[in-house]
Colleague: 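Take a look at this one; I'll ask things after.
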Amino acid sequence: MVSQPLVTIHSPTTASAQSYMRVYATPHGEPPQLKVVGKYSDQFICNNDQWKFKTRTCEI
């Protein structure tokens with residue numbers, strides 16, 4: 001599961017975002033079990049009217 005990103009515009013050509021994630025495992029016949037929690041930190045750049053990832057970091 002990944003949360004909706006919180007996007008921050010820094011300038012007309014740069015932005016950043018953060019979102020949180022959770023990873024579950026579902027063993028046979030058992031309810032889902034939380035295994036990992038983490039955060040994505042993204043940096044974006046706009047070039048020729050196209051937004052692209054500059055960096056993406058995942059912290060677990």
Side-chain angles (χ1 to χ4, degrees):
M1 295 176 59
V2 179
S3 70
Q4 292 183 356
L6 174 61
V7 178
T8 303
I9 304 296
H10 301 286
S11 76
T13 60
T14 61
S16 62
Q18 289 189 350
S19 56
Y20 296 90
M21 60 99 163
R22 291 185 270 173
V23 177
Y24 292 88
T26 308
H28 255 284
E30 296 182 29
Q33 299 172 8
L34 180 62
K35 295 293 182 179
V36 176
V37 175
K39 175 176 80 169
Y40 287 108
S41 297
D42 303 321
Q43 299 290 321
F44 304 101
I45 190 160
C46 185
N47 191 3
N48 296 325
D49 293 327
Q50 293 184 345
W51 285 96
K52 297 182 179 184
F53 283 94
K54 182 177 178 183
T55 63
R56 173 168 256 196
T57 305
C58 182
E59 299 174 39
I60 297 177

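Since this is a predicted model, take the numbers as computed values, not measurements. FYI, the numbering just counts along the sequence from 1. Atom set for the values below is all heavy atoms of this structure, side chains included, hydrogens, waters and symmetry mates excluded.
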Colleague: Under the salt bridge (Lys or Arg N to Asp or Glu O under 4.0 Å) definition, can you give me all pairs with a residue in residues 49-60, not counting sequence neighbours?
Modeller: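 Matches after skipping sequence neighbours: Asp42-Arg56.
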
Colleague: Taking transitive links into account, so neighbours of neighbours count too, which hydrophobic residues share a cluster with Met21 at under 4.5 Å side-chain distance?
Modeller: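 Other cluster members: Val2, Val23, Val36, Tyr40, Ile60.
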
Colleague: Tell me the closest heavy-atom pair linking Pro5 and Ser19, and the distance in Å.
Modeller: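 Reported closest heavy-atom pair: CA-CB, 3.9 Å.
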
Colleague: Any heavy-atom pair between the side chains of Met1 and Tyr24 that's under 4.5 Å?
Modeller: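 Yes, side chains in contact.
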
Colleague: Roughly how far, to the nearest 0.5 Å, is the OH atom of Tyr20 from the CD atom of Gln4?
Modeller: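 If we round to the nearest 0.5 Å, Gln4:CD and Tyr20:OH are 14.0 Å apart.
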
Colleague: Let me confirm one number: the OG-CD1 distance from Ser11 to Ile45, rounded to the nearest 0.5 Å.
Modeller: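 If we round to the nearest 0.5 Å, Ser11:OG and Ile45:CD1 are 8.5 Å apart.
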
Colleague: As an exercise, state the distance from CH2 of Trp51 to OG1 of Thr13, rounded to the nearest 0.5 Å.
Modeller: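 Separation between the atoms: 6.5 Å.
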
Colleague: Among residues two or more places apart or on two chains, list those pairs meeting salt bridge (Lys or Arg N to Asp or Glu O under 4.0 Å) that have a residue in residues 13-41.
Modeller: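 The answer is none; no pair qualifies.
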
Colleague: Which distance, rounded to the nearest 0.5 Å, do you find between the OG1 of Thr57 and the CD of Gln18?
Modeller: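 Rounded to the nearest 0.5 Å, the OG1-CD separation comes out at 10.5 Å.
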
